[in-house]
Amino acid sequence: LRKLEIYLKKEGLKENSLSQVFRTIRAIYNIATKSSYQLASPADYPFGEFTLSNRFEVDPDPDFIPLEEIRKIEKLSINPESPLFDAKNYFLFSLYGGGLNSKDVASLKWSNKKGDIINLKRSKTNRKGKIHITEPLEKILDHYQLFTGSNPSNYIFPIFNRSIHITEKQRHDRFKNHRSEVINPSLKALATMAGLNREITSKV
């Protein structure tokens, strides 16, 4: 656990993310010790000395959303012609994709899709990664295939246009404006429609 902590800090993970990683590992280990298959022994419990309380300087109001609130957003029925429909898909695609940031979602092209895998490079770390296309992801992709899937060079989502947003600055400006003028207001509206007592932005 200490080696993993050192490694993840070198990779640039912040305190909130570190806390989530180790709390998840601890939860999985606890489940494993209670398994009827004896997947792990309580005697080997690694969090006795590696305590999590006060180990990381966690933001008291982190940008996260509980699973039950995600389910409420999933169940919203939105007109496909509404910008709320696209914002909902961007948000859920980010979650289903393992926490992709919204810029990475916007930058995906059909050429990134190889069978049931999406290959990508994360904008913040410049590291390559893969996403396995699960059924919820596939459903979203199937929708946009009809509109943008005619050319592998096209962006999957209708945020960037490959014929217009050519330079990095053009893409940066386009994404920044679209996020503040369309995506975030739409996510705020979706949160209200779902009855959530919170604001949602593309950073959640």
Side-chain angles (χ1 to χ4, degrees), residues 8 10-14 16-17 59 62-65 70 73-74 76 78-134 136-194 198-204:
L8 293 177
K10 287 182 178 179
E11 290 294 295
L13 263 71
K14 304 301 181 184
N16 279 347
S17 297
D59 184 345
D63 292 328
F64 75 95
I65 181 171
I70 294 172
I73 294 174
E74 286 176 328
L76 290 176
I78 308 294
N79 185 337
E81 297 182 5
S82 167
L84 299 182
F85 182 84
D86 289 329
K88 176 186 174 184
N89 283 337
Y90 304 153
F91 183 70
L92 293 178
F93 196 96
S94 171
L95 295 172
Y96 299 149
L100 284 181
N101 72 44
S102 52
K103 178 69 177 297
D104 289 340
V105 173
S107 300
L108 289 175
K109 295 183 176 182
W110 288 106
S111 57
N112 292 114
K113 183 177 180 293
K114 305 294 183 183
D116 62 351
I117 296 290
I118 294 177
N119 297 299
L120 73 154
K121 182 180 288 186
R122 294 181 181 270
S123 57
K124 285 189 176 181
T125 62
N126 210 33
R127 291 176 63 87
K128 294 181 179 179
K130 293 183 178 181
I131 299 172
H132 291 269
I133 300 175
T134 57
L137 284 174
E138 188 171 22
K139 185 176 180 181
I140 294 174
L141 291 171
D142 285 346
H143 171 79
Y144 292 102
Q145 176 78 43
L146 299 173
F147 304 99
T148 61
S150 60
N151 191 316
S153 298
N154 286 343
Y155 291 96
I156 293 175
F157 299 102
I159 298 174
F160 297 139
N161 185 313
R162 66 186 177 92
S163 301
I164 299 174
H165 308 108
I166 299 170
T167 67
E168 180 59 35
K169 186 178 188 310
Q170 288 173 328
R171 289 190 293 271
H172 172 79
D173 292 344
R174 164 62 176 170
F175 178 75
K176 184 178 179 180
N177 291 335
H178 192 70
R179 180 178 59 187
S180 61
E181 296 174 6
V182 180
I183 298 177
N184 283 339
S186 296
L187 290 175
K188 182 178 180 180
L190 289 171
T192 300
M193 292 172 64
R198 68 163 73 237
E199 282 194 9
I200 294 177
T201 71
S202 59
K203 293 184 178 181
V204 170

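FYI, the numbering just counts along the sequence from 1.
- Side chain of Asn119 to main chain of Lys128: no donor-acceptor pair is present (N/O by atom type, distance under 3.5 Å, no hydrogens or angles).
- Counting heavy atoms from C-beta on, the side chains of Asp142 and Glu138 come closer than 4.5 Å.
- Contacts of Phe85 classified as ring-ring contact (aromatic ring centres under 6.0 Å, His included), with partners at least two apart in sequence or in another chain: His143.
- Pairs engaging residues 87-111 under the ring-ring contact (aromatic ring centres under 6.0 Å, His included) rule: Tyr90-Phe157, Phe93-Phe157 [sequence neighbours left out].
- Arg171 is linked by a salt bridge (charged side-chain N to carboxylate O under 4.0 Å, His left out) to Glu168, counting only residues two or more places apart in sequence or in another chain.
- Under the side-chain hydrogen bond (donor to acceptor under 3.5 Å, both in side chains) criterion, Glu81 pairs with no residue at all, not counting sequence neighbours.
- Across Arg174 and Pro158, no two heavy atoms sit closer than the pair NH2-O, 4.1 Å.
- With Ser111 contributing its side chain and Ser153 its backbone, the two residues share no donor-acceptor pair below 3.5 Å.
- A donor-acceptor contact closer than 3.5 angstrom is absent between the side chains of Asn184 and Thr201.
- In terms of heavy atoms, Tyr155 sits closest to His165 at OH-O, 4.3 Å.
- Applying the side-chain hydrogen bond (donor to acceptor under 3.5 Å, both in side chains) criterion to Arg162, with sequence neighbours excluded, gives Asn154.
- Looking at Leu76 and Leu190, their side chains come closer than 4.5 Å, going by heavy atoms from C-beta outward.
- Here the side chains of Ile200 and Lys188 are not in contact, with every heavy-atom distance at 4.5 Å or above.
- Residues passing the side-chain hydrogen bond (donor to acceptor under 3.5 Å, both in side chains) test with Asp173 are Lys169, sequence neighbours excluded.
- You'll find the side chain of Leu141 reaches within 4.5 Å of the side chain of Ile118, heavy atoms only.
- Remark: side-chain polar atoms of Asn112 are paired, donor with acceptor, to backbone N or O of Lys109 under 3.5 angstrom.
- A distance-only check finds no donor-acceptor pair linking the side chain of Lys113 to the backbone of Ile156 [under 3.5 Å].
- Remark: the backbone N or O of Asn177 is paired with a side-chain donor or acceptor of Ser180 at under 3.5 angstrom.
- Side-chain contact between Ile73 and Lys88: present, with at least one pair of heavy atoms (C-beta onward) separated by less than 4.5 Å.
- Of all the heavy atoms in Val182 and Pro83, the pair that sits closest is CG1-CB, 4.1 Å.
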